[in-house]
Asker: 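Supplied in C-alpha cells, the structure appears directly below.
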Amino acid sequence: MADPATPSLVVVLPTYNERDNLDSITTRIRAAVPAAHILVVDDNSPDGTGKIADDLASEDPRIHVMHREGKAGLGSAYLAGFAWALSRDYDVIVQMDADGSHPAESLPGMVAKLADAEVVIGSRYVSGGSVVNWPVHRQALSRGGNLYSRLALGVRVKDITAGYRVFRREVLAALALDQVASQGYCFQIDMVWRVVQAGFRIVEYPIVFTEREHGVSKMSGFIVREALWRVTTWGVNSRLGRGRGGSSSGRSSDGQATDTVSA
Ligand SMILES: Nc1nc2c(ncn2[C@@H]2O[C@H](COP(=O)(O)OP(=O)(O)O)[C@@H](O)[C@H]2O)c(=O)[nH]1
Ligand SMILES: [Mg+2]
C-alpha cells in the first residue's frame with residue numbers, strides 16, 4: 001500500500017448518456033487531485049459516452065473504462081466499480097456523479113476529512129452546503145426523503161441520500177457488497193445504513209450541489225417507491241431487533257456513529 005500521507009485514490013464515475021459532461025468532469029477531477037485515477041462505468045450509453053471515455057483513457061493512463069452491456073442502474077454500476085477498485089491497490093475510493101453536480105473542487109477537502117472518519121459524505125444539508133438550480137418539487141423530494149430515512153432508521157446523517165462520498169478502502173472491503181440490491185437513490189441510504197451498522201464513522205463535508213446543465217436526470221417514480229418501501233422495512237426490522245436492524249456485524253455501533261463538520 002502506498003504512503004498514507006499520499007493515498008492512492010480512484011474516483012468511480014457511473015455514466016449513462018453523459019456525452020456532454022464527461023470531458024468536463026474528468027478535467028475538473030484531474031485539476032483538483034492531479035494523481036487521481038478515474039474509473040468510468042458506462043452502461044453502453046446510446047449517446048456514445050463509452051466511446052468518449054475510451055478516447056479520454058487513450059490519452060490519460062490514469063483513466064480507466066468499464067463497459068457493461070446495458071443500463072443496470074446506478075447502484076449496480078457503483079458496486080461493479082467498487083469491486084474493480086478493491087481488486088487493485090487503491091487506499092481511497094470515491095463515488096461521484098458524472099453530470100457535474102458534485103464539485104470535484106471539494107475533493108481535496110473531503111479526502112482530508114478521512115483523518116476524522118472512515119467515510120466522508122459531500123453534504124448539501126450541513127452548514128455551508130447548498131443546492132443550486134433545483135426545482136421546488138425536487139428539493140421537496142430530497143428533503144422529505146432525507147427526513148423520512150433519518151427518522152425511520154435513527155441515523156443522524158443530514159444528507160443520507162447524497163451521492164458524493166469518499167471511502168477508506170477498508171470500509172468497502174468490510175461490507176457485504178454482494179448483498180446490496182438497492183438501486184438509485186435507495187442505494188445511497190442502504191450504504192449509509194450498512195456503514196453505520198458496521199460501526200464506522202461518517203463525517204459530512206459541505207458541498208454546493210449544482211443541478212446538471214446537460215443531459216437528463218434518471219430519477220424516476222420507481223426509484224422513489226423503492227426507497228420508501230426498503231427504508232420502511234429496515235426501520236421496522238431495526239425496531240423489532242431483527243434482520244438488518246438489530247444485530248450488527250463487525251465493529252460495535254449504537255447507530256449514532258456519525259458526526260458533522262463545517263469546513
Ligand atoms: N452506469 C450507469 N450510470 C447511471 C445509471 N443511472 C444513472 N447513472 C449515472 O449516475 C449519475 C447520477 O444520475 P442522475 O440521473 O444525474 O441522477 P440524479 O442526480 O439523482 O438526478 C450520473 O452520472 C448518471 O449518468 C445506470 O443505470 N448506469
Ligand atoms: Mg444528477
Side-chain angles (χ1 to χ4, degrees), residues 10-29 38-54 56-57 63-85 94-104 107 121-125 129-146 149 159-165 180-192 207-228:
V10 62
V11 180
V12 181
L13 281 180
T15 55
Y16 194 76
N17 289 346
E18 301 293 357
R19 181 181 61 192
D20 297 326
N21 294 314
L22 193 58
D23 190 23
S24 155
I25 191 65
T26 52
T27 302
R28 287 171 67 189
I29 294 168
I38 296 169
L39 172 68
V40 177
V41 182
D42 185 67
D43 280 2
N44 202 6
S45 296
D47 76 348
T49 301
K51 167 78 172 71
I52 294 169
D54 285 339
L56 292 169
I63 296 182
H64 314 273
V65 188
M66 180 188 294
H67 293 281
R68 306 199 312 160
E69 273 184 13
K71 189 171 186 333
L74 176 69
S76 143
Y78 272 128
L79 293 172
F82 294 162
W84 181 94
V94 179
Q95 61 168 74
M96 184 192 287
D97 288 354
D99 62 358
S101 290
H102 296 153
L107 196 48
I121 293 183
S123 177
R124 300 161 290 190
Y125 304 135
S130 60
V131 175
V132 176
N133 287 343
W134 252 7
V136 172
H137 73 270
R138 189 69 204 260
Q139 294 208 38
L141 180 64
S142 177
R143 290 273 188 185
N146 262 283
S149 304
D159 195 349
I160 196 170
T161 59
Y164 192 11
R165 298 175 176 182
V180 180
S182 312
Q183 288 301 329
Y185 199 64
C186 191
F187 172 77
Q188 315 297 358
I189 305 168
D190 195 340
M191 290 295 288
V192 166
I207 62 149
V208 178
F209 175 106
T210 309
E211 181 54 337
R212 61 166 72 242
E213 286 177 11
H214 305 287
V216 291
S217 166
K218 286 94 206 169
M219 174 62 85
S220 67
F222 166 79
I223 285 174
V224 176
R225 285 192 297 280
E226 181 204 24
L228 195 59

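For ligands, and for the atoms within them, numbers begin at 1 and follow the listed sequence. As a basis for the values below, the full set of heavy atoms in this structure was taken, side chains included, without hydrogen atoms, waters or symmetry mates. These figures come from a predicted structure and were not determined experimentally.
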Asker: Judging by distance only, is a nitrogen or oxygen of E211 under 3.5 angstrom from one on ligand 1?
Answerer: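 No, since none of the N or O atoms of E211 sits under 3.5 Å from an N or O of ligand 1.
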Asker: With a cut-off of 2.8 Å, does E211 put an N/O/S atom close enough to the Mg ion (ligand 2)?
Answerer: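 So E211 does not count as coordinating the Mg ion (ligand 2).
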Asker: As an exercise, identify every atom of ligand 1 less than 4.0 angstrom from a heavy atom of E18.
Answerer: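 Reading through ligand 1 atom by atom, the close ones are 22 (C), 23 (O), 24 (C), 25 (O).
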Asker: At a non-hydrogen distance cut-off of under 4.0 Å, which region of A98 contacts ligand 1 (side chain, backbone, both, or neither)?
Answerer: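 The answer is both.
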Asker: Using heavy atoms and a threshold below 4.0 Å, how should the contact between L74 and ligand 1 be classified: side chain, backbone, both, or neither?
Answerer: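 The part of L74 near ligand 1 is both the backbone and the side chain.
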Asker: Working to the nearest 0.5 angstrom, can you tell me the gap between S123 OG and R165 CZ?
Answerer: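 Output value for this atom pair is 10.0 Å.
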Asker: Please could you name the atoms of ligand 1 that D43 approaches to less than 4.0 Å, counting only its heavy atoms?
Answerer: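 Every atom of ligand 1 under 4.0 Å from some heavy atom of D43: 1 (N), 2 (C), 26 (C), 27 (O), 28 (N).
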Asker: How many angstroms lie between NE2 in H64 and CG in L13, if you round to the nearest 0.5 Å?
Answerer: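 One gets 11.5 Å once the value is rounded to the nearest 0.5 Å.
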Asker: Taking the minimum heavy-atom distance to atom 6 (N) of ligand 1, which of R212, R68, K71, Q188 ranks first?
Answerer: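 Considering heavy atoms of R212, R68, K71, Q188, the nearest to atom 6 (N) of ligand 1 sits in K71.
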Asker: Taking it one step at a time, do V41 and W84 satisfy side-chain contact (heavy atoms from CB on, under 4.5 Å)?
Answerer: CA-CA 10 Å; V41 182; W84 181 94; over 6 Å; no
Asker: Please tell me if the side chains of T161 and S142 come closer than 4.5 Å, counting only heavy atoms from C-beta onward.
Answerer: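 A side-chain contact exists here, since the closest heavy-atom pair is under 4.5 Å.
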Asker: Are S101 and Y164 close enough, and set up right, to give a side chain to side chain donor-acceptor pair (under 3.5 Å), and what steps lead you there?
Answerer: CA-CA 9 Å; S101 290; Y164 192 11; over 6 Å; no
Asker: If we only count heavy atoms from C-beta on, is the D42 to L22 side-chain gap below 4.5 Å?
Answerer: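 Sidechains of L22 and D42: no contact.
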Asker: To make sure I understand the geometry: which N, O or S atom in D99 is closest to the Mg ion (ligand 2)?
Answerer: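 Restricting D99 to its N, O and S atoms, the minimum distance to the Mg ion (ligand 2) goes to OD2.
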Asker: Heavy atom of Q183 under 4.0 Å from ligand 1?
Answerer: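 Judged by the 4.0 Å heavy-atom criterion, Q183 does not count as contacting ligand 1.
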Asker: Indicate yes or no: does an N/O atom of P14 lie under 3.5 Å from an N/O atom of ligand 1?
Answerer: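 So ligand 1 has an N or O lying under 3.5 Å from an N or O of P14.
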Asker: Based purely on interatomic distance, does Y16 place a nitrogen or oxygen under 3.5 Å from a nitrogen or oxygen of ligand 1?
Answerer: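 It does: an N or O of Y16 is found under 3.5 Å from an N or O of ligand 1.
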Asker: Need the ligand 1 atom indices (1-based, order shown) with element for anything under 4.0 Å from a heavy-atom of G73.
Answerer: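 Per the distance check, 26 (C), 27 (O), 28 (N).
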Asker: May I ask you to decide if I160's main-chain N or O and N146's side chain share a donor-acceptor pair within less than 3.5 Å?
Answerer: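 Judged by distance alone, yes, a pair lies under 3.5 Å.
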Asker: May I ask you to identify, for R138, whether its side chain, its backbone, both or neither come under 4.0 Å of ligand 1 on a heavy-atom basis?
Answerer: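 Side chain only; the backbone of R138 stays clear of ligand 1.
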Asker: Over 60° means perpendicular and under 30° means parallel, so tell me whether H102 and F209 are parallel, tilted or perpendicular.
Answerer: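 Rings of H102 and F209: perpendicular, over 60°.
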Asker: Using a 4.0 Å cutoff against the non-hydrogen atoms of A77, which atoms of ligand 1 qualify?
Answerer: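 Answer, ordered by atom number: 1 (N), 2 (C).
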Asker: Using atom types as modelled and distance alone, determine if a side-chain donor or acceptor of Q95 lies under 3.5 Å from a backbone N or O of V12.
Answerer: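 Flag not set: sc Q95 to bb V12 has no pair under 3.5 Å.
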